[in-house]
Structure formats: C-alpha cells, structure tokens
Amino acid sequence: MEPETTQTLKIGSIFFIFTHQCLFLVPEHEYERIQQTEEGYVCLERKYLPETATRDTERVTCIVCHGEAAPEDFVFPLCREMHFVVCEECMEGIQERTDERKVFCPYCKEKRSDNKTFQEEILGVILSLMPHQTLPSLEIRPGMEVKTIMRLPRGNKVSLSNFFVSDAFFSKLLSKTAVEITNGVSLFAHANSLDCCLGEFDARTRKQASIRIGEHTNQEMKQIYENIKTIPKNNIQAIAKEIHAVENGICVLLKLLDGADGYIPDLLLESPKEECIKEILGTESNLSWVGRAKKLRLVGHAVGILPKL
Ligand SMILES: [Zn+2]
Ligand SMILES: [Zn+2]
C-alpha cells in the first residue's frame, strides 16, 4: 500500500488539507498565497521560515539569483529542512523551462528520489509554520467559514449532522479523525471540480456516478473501525448507482452499511489479494444485505464471499 498522501478538498470557501499528521482548514485568501506550482513547490512569506542551523547566515537568499528576501517576500523552500529557497521571480523562470533541469537543494541532492514525498510533506510543513489556531474539535456545517488557518490534530473529534458529503471527503474524515455522526450522512460521488458538500438537490444530480472506497493503510483502518463502531445503524445513505470497493475498502463498505435496510446500489467488489477476503470470511456474520443489490460484481478473490450471501 502506498504511503498516505496529502489531499486537498473543498467545502464552500474552505480548503480542507489532509496531511499525514493533521487536518488544516484554510480560508481561500490564505490558500491562494501558498498555492502549489505544478511541480509541487509551495511558497510562504520569508518571515515564517524557521531558523535553520545549517543555513550559515541570518540572511535568506535565493539559490538562483542570490537576491536577499525581505520578510514579506514569498520564497519557495527546496527541501523540508528548508536549507535553500528560490525567490518568486526565479520560480517563474524555472516553471517556464521545458527541459528537465529543475532546482534541488544541494545538501539534499542525494535524496532527490523522494522528491515526490517531499512535495506531499512540504504543504503540511509550511501550513504548520504559518500563524494558525489549533482546534480541540470541529463541527462541519454547510456554509461554514474560517478567517484564519485552523489545525485539527489527527484523531481529534469532527461532528457531522444531516449532511450531504462526497465519498472522498467522508473517507478522509473517517480514516484521519474521530467522526461523530448524528441524523445521518448521505454520500455522493466526488468529482474533481466539485464542492465536497452539496445541497440535497445537487447531490442527487450525481446519483448516476459511482462511489469509490479505495484501499487504506493499517493505521487508517484502525481509525475507520473505531469510527464505524460509534455510527448508529442505517445512518449512512449512498446516493449512487454503484459502489465500487477495492481491497480493504470492501471491509470498510461491509462494516459501514452493515445491516442496511434501505436502498442498496449496485456493488462492484474487487480484491486482487486474498487477505481482506479472509478477514471478512472470519469476522462478518451477516452479509445477506449485500445480496439485495440488484447487480453484484465480484472480481478476483472477492468471489470468496459468495457462500456468505
Ligand atoms: Zn531569485
Ligand atoms: Zn536541503
């Protein structure tokens, strides 16, 4: 399973950035300031750069033009230790370059292969350097607003009530926070350009799409199982033609909709590996509701659950 990646999702005017350690709520005006380039470089104001022992002087200079950055200038750190930065002007030049010569931190050059990991992490590093408030818990409501960056440490409580939320957003909440659901949640299929929270009418226009439940890491699965235990039965409704669950996403689906007595969409359960199917056969006792799906497709080892239906 791939390491967890940073994901940015949106509700109304708030950007929800899920990093490995926390969930950040970023208002639109702040998000525009830190926006990532296509290559994954992120900028922040020079004054928020931490002191780095390895940077030999107090001055912060651009590695390309050697110009010194003023406190309010935006700079792009080149590595997570922030040894070197590139100024805004030089970054524009770098982006226009079509060849593969990109800039790297000379101290961290040999670690270049993990550039992808760096791109994933740098957003979280930069957000935690910027002024922000830490929230003990969070209630997500339609039309909510934040003025400054808010940080919710991983595992802190998030409550949702009578909400239409996209599968991508719900899956992040379920795997990274302690979710409390009252009065039900309806899931719809995520589309890239789409807000993750819609009104009922707009959510229903997505009902021909397919909800996807992907694979999760072991740590995420632990959090998901703890959350599902607290969700009252029949509180999750799927507004979709089909639910497509992959690998341990199948375990999540079976627990999430366990004993559902309402509408069951078509199901596509796909498991190239055997482990999660073994787990299901060992633990799940009542899968009869799965058999109520009008169309059920089992791919790979998922065929193994047939005798349980
Ligand atoms: Zn420069
Ligand atoms: Zn470096």
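Computed over heavy atoms, backbone and side chain alike; hydrogens, waters and symmetry mates excluded. Order of appearance sets the numbers: ligands from 1, and atoms from 1 within every ligand.
As for H83, its N/O/S atom nearest the Zn ion (ligand 2) is the one called ND1.
Looking only at atom types and distance, the side chain of E139 has no donor-acceptor partner in the side chain of S159 under 3.5 Å away.
For the Zn ion (ligand 1), the N/O/S atoms of H66 include none lying under 2.8 Å.
When atom types are taken as modelled, the side chain of R212 and the backbone of A168 share no donor-acceptor pair closer than 3.5 angstrom. Side-chain N or O atoms of N162 include none that pairs as donor or acceptor with a backbone N or O of G184 at under 3.5 Å.
For the pair R33 and E45, the salt-bridge criterion is met [side-chain N within less than 4.0 Å of a carboxylate O].
At the Zn ion (ligand 2), the vertex angle linking SG of C105 with SG of C79 is 110° (nearest 10 degrees). Atoms SG of C90 and SG of C65, as seen from the Zn ion (ligand 1), are separated by an angle of 110°, to the nearest 10°.
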